[in-house]
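The structure under discussion appears below in the form of structure tokens.
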2 protein chains.
Amino acid sequence: MCNINTLHNFYRHTFFLYISGMGKAKRPKLSTHEFFEKGHLHYLTHISIDNVIFGFHDNQLKVLLLEWKETHRWCLPGGFIFADEHIEEAAIRSLKSRTGLDNIYLQQFYAFGDPNRERTKHGISPPAGIKKSWLSERFITVGYYALVEFSKVVPKPDEFSESCQWWDIEKVPTLILDHNHILEKALQSLRLNLNDYPVGKDLLPQKFTMPELQRLYETILGKQLDRRNFQKKILALDILERLNERKQGGAHKAPFLYKFDQRKYEKAMKQGLKFGLQ
Amino acid sequence: MCNINTLHNFYRHTFFLYISGMGKAKRPKLSTHEFFEKGHLHYLTHISIDNVIFGFHDNQLKVLLLEWKETHRWCLPGGFIFADEHIEEAAIRSLKSRTGLDNIYLQQFYAFGDPNRERTKHGISPPAGIKKSWLSERFITVGYYALVEFSKVVPKPDEFSESCQWWDIEKVPTLILDHNHILEKALQSLRLNLNDYPVGKDLLPQKFTMPELQRLYETILGKQLDRRNFQKKILALDILERLNERKQGGAHKAPFLYKFDQRKYEKAMKQGLKFGLQ
DNA sequence: TATTATTGTGTACTACAAACACAATGATTT
DNA sequence: AAATCATTGTGTTTGTAGTACACAATAATA
């Protein structure tokens, strides 16, 4: 028995139409209208990626968010997966288009599969003139988090968004869909990952001070650490080099600058070094 | 420019057909033919789940595999997601239909998104008489691993498989698609999870001996542990109860039996206890 | 009854984590 | 120029957890 219920099932009911020219080199350029009406000819339906892009500035952990046109609601930058594209490639492509950066530390952390992940159920509709869209279907999204150097990022909104901005992790507003939940899960994963990866390598500028590195760990963990023990532990990893330079300009005593020593770092990683900070 | 290339894009090109009666209570029963030809009317396309079901028997870690009819190739038991179903529900449903068990410890560990995850690219075709199927499209799969009590499982093949059997983790054959890779990743996740969850609770029978628990950890970690230190650490968690009973029947001195104490366990979990065994 | 493989238990040593204090510095104030 | 201030740089002590290790007790077997 067939019968109308929601848009929900639209893009699972399929007739026929072949396309070509989907090689990696040649990604189609779609107009907004084409994207909503014919995006399913190019992208996988029912599945997307969302990026939680972390940065660190002014001693605060930040996350890069997009503001939608018209509704002015905020969301995580995400994207869709081309038919022949690796899901991680899609995440990298999205990341590059939002930040301008290549070669970013990227980590998949969870797939979100609630059946309510459907735009129409949350009052989000396609632009005027478009009745049905693959985008109104239920989506499962795979979350990635990225660690980027704040100062190198040039945030770029996409065609659907008003702006692209850093938000203090403590001040993130209510986001669309389950994006607050996704962000929370990303933070949890990042915290766990602290023990296996020296996140400062990606989040801090090349030269940084020990207090800066400590603030970074403190904001991610959400608690204070003992200055002396922190330094002892970090230096014991033997992946940092202390420069003969001090950070000038701040009030009070000028702290030494450090940088990650790539050779030492690789050597340490080979030995499966543990970055244990709790 | 439109042109025929592969089956690849078939189910992303969609016309129209609504269905109803997709409520959770009423799952449609499809014939094999219907499943291949019309499954996309009921399930999400391009996305699946795969379960890595771990058991423990004869001092060996085991995994439950399915053998396909005709080709006799082995694979992980998996499934598809109903349009209105939570992805985790789909994993639970699949798990129940393979093992007969409810209430299983289940953990999502990774989403596999290689564009080569396409059955036609691996010489797997739909049954005779079916030319095109949503199942021949590229799939992204979300991996879950489950921990079950070996003796309680009654393996049940599905309609497409010849048999459903336990395999010693060391002797798993070459599986279809990237299923060996998925299994490997599941094992890695399980190893990491050892530090946060007392896996013996789900993998062992209610009553078990300390040597059995130790073998479990040893097979998962792939290395020997010191008997005395192991016991000390485990007992220090204060989640086990030693019974006034010994395991009879083995050669040599009869070891004490233990069981998990649910009350102690919950108390310990609240305090965020660490199960640190390396 | 002797033998054998395995279980049950405790102690010394080492490495890492946590707590803690004071001198040195560079900018700022007086 | 001198005093003040907040912060940096550094080392010791104590406690806890991990590692290495040995011998007596036991249940089945020879």
Side-chain angles (χ1 to χ4, degrees), chain A residues 58-59 191 194-196 198 200 204 207-219 221-259 268 271-278, chain B residues 58-59 191 194-196 198 200 204 207-219 221-259 268 271-278:
Chain A
D58 280 342
N59 282 338
R191 280 192 194 115
L194 277 190
N195 292 320
D196 301 307
L204 294 177
K207 297 179 182 181
F208 54 91
T209 67
M210 195 56 71
E212 280 166 355
L213 187 61
Q214 187 179 339
R215 295 300 167 267
L216 172 57
Y217 276 85
E218 285 177 337
T219 42
L221 290 169
K223 68 175 181 188
Q224 306 273 93
L225 300 170
D226 181 274
R227 203 162 54 89
R228 293 153 289 190
N229 293 335
F230 178 82
Q231 167 149 338
K232 221 182 303 171
K233 244 185 197 173
I234 289 285
L235 291 181
L237 297 174
D238 195 30
I239 55 174
L240 293 189
E241 182 190 343
R242 191 172 93 174
L243 306 173
N244 282 328
E245 243 182 296
R246 288 164 183 266
K247 173 132 186 171
Q248 306 294 336
H252 319 301
K253 183 168 177 178
F256 278 109
L257 285 165
Y258 291 82
K259 68 169 194 179
Q271 294 164 11
L273 197 46
K274 271 280 175 186
F275 300 85
L277 288 158
Q278 311 136 7
Chain B
D58 281 343
N59 283 339
R191 281 193 193 114
L194 277 189
N195 291 320
D196 301 307
L204 293 177
K207 297 177 181 183
F208 55 90
T209 66
M210 196 55 71
E212 280 165 355
L213 187 60
Q214 187 180 339
R215 295 298 167 269
L216 172 58
Y217 277 85
E218 286 177 337
T219 42
L221 290 170
K223 68 175 180 189
Q224 306 275 93
L225 300 169
D226 181 273
R227 201 163 56 88
R228 292 154 289 190
N229 295 333
F230 178 82
Q231 166 149 337
K232 219 182 306 170
K233 247 186 197 172
I234 289 285
L235 292 180
L237 297 174
D238 195 30
I239 54 173
L240 293 188
E241 183 190 342
R242 191 172 92 173
L243 306 173
N244 283 326
E245 246 183 292
R246 287 163 183 268
K247 173 134 187 170
Q248 307 293 337
H252 319 300
K253 180 169 178 177
F256 279 108
L257 285 165
Y258 291 82
K259 69 169 192 178
Q271 294 165 12
L273 197 47
K274 270 282 176 188
F275 301 84
L277 288 158
Q278 310 138 6

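Numbered from 1 within each chain, the chains take letters A, B, ... in sequence-line order.
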Taking five pairs at each end, how big is the angle between the two axes of the helix from C:dT1-D:dA30 to C:dT30-D:dA1, to 10°?
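Between the axes fitted at each end of the helix from C:dT1-D:dA30 to C:dT30-D:dA1 lies an angle of 0°.
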
What is the distance, to the nearest angstrom, from the [atom1] atom on [X] to the [atom2] atom on [N]?
{"X": "B:Asn229", "N": "C:dT11", "atom1": "CG", "atom2": "P", "result": "14 Å"}
{"X": "B:Leu213", "N": "C:dT7", "atom1": "CG", "atom2": "P", "result": "13 Å"}
{"X": "B:Asp226", "N": "C:dC13", "atom1": "CG", "atom2": "P", "result": "17 Å"}
{"X": "B:Lys233", "N": "D:dA20", "atom1": "NZ", "atom2": "C1'", "result": "13 Å"}
{"X": "B:Phe230", "N": "D:dA17", "atom1": "CZ", "atom2": "P", "result": "18 Å"}
{"X": "A:Gln224", "N": "C:dA19", "atom1": "CD", "atom2": "C1'", "result": "15 Å"}
{"X": "A:Ile234", "N": "C:dA18", "atom1": "CD1", "atom2": "P", "result": "13 Å"}
{"X": "A:Lys253", "N": "C:dA27", "atom1": "NZ", "atom2": "C1'", "result": "13 Å"}

Give the C-alpha distance, both sets of side-chain angles, the deciding distance and a yes or no for side-chain contact (heavy atoms from CB on, under 4.5 Å) between A:Leu213 and A:Tyr258.
CA-CA 10 Å; A:Leu213 187 61; A:Tyr258 291 82; over 6 Å; no

Which of these, A:Asn229, A:Ile234, A:Leu235, sits in a side-chain contact (heavy atoms from CB on, under 4.5 Å) with A:Gln231?
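When A:Asn229, A:Ile234, A:Leu235 are each tested with A:Gln231, the side-chain contact (heavy atoms from CB on, under 4.5 Å) holds only for A:Leu235.
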
Can you check side-chain contact (heavy atoms from CB on, under 4.5 Å) on B:Met210 and B:Leu240, steps first, answer last?
CA-CA 10 Å; B:Met210 196 55 71; B:Leu240 293 188; 4.1 Å; yes

Begin with the C-alpha distance, continue with both residues' side-chain angles, and end with the deciding distance and a verdict on side-chain contact (heavy atoms from CB on, under 4.5 Å) for B:Lys253 and B:Arg246.
CA-CA 9 Å; B:Lys253 180 169 178 177; B:Arg246 287 163 183 268; 4.2 Å; yes

Which residues in residues 239-252 of chain B have a heavy atom closer than 4.0 Å to any atom of DNA chain C?
B:Arg242, B:His252

How close do B:Leu257 and B:Lys247 get, counting heavy atoms only, and between which atoms?
CG-N, 3.9 Å

Picking from C:dT7, D:dG9, C:dC20, the nucleotide nearest the side-chain atoms of A:Arg228 would be C:dC20

Residue met sooner reading DNA chain C from 5', once B:Met210 and A:Arg227 are mapped to nucleotides:
B:Met210

Using heavy-atom distances to pick each residue's nearest nucleotide on DNA chain C, tell me which of B:Lys232 and B:Arg215 is more 5'.
B:Arg215

side-chain contact (heavy atoms from CB on, under 4.5 Å) between A:Asn59 and A:Glu218, worked out:
CA-CA 9 Å; A:Asn59 282 338; A:Glu218 285 177 337; over 6 Å; no

Which distance, rounded to the nearest 0.5 Å, do you find between the CD of B:Gln224 and the CZ of B:Phe230?
12.5 Å

Between atom CG of A:Leu225 and atom NZ of A:Lys233, what is the distance when rounded to the nearest 0.5 Å?
8.0 Å

How about B:Leu237 and B:Pro198: do any of their side-chain heavy atoms sit closer than 4.5 Å?
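B:Leu237 vs B:Pro198: side chains apart.
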
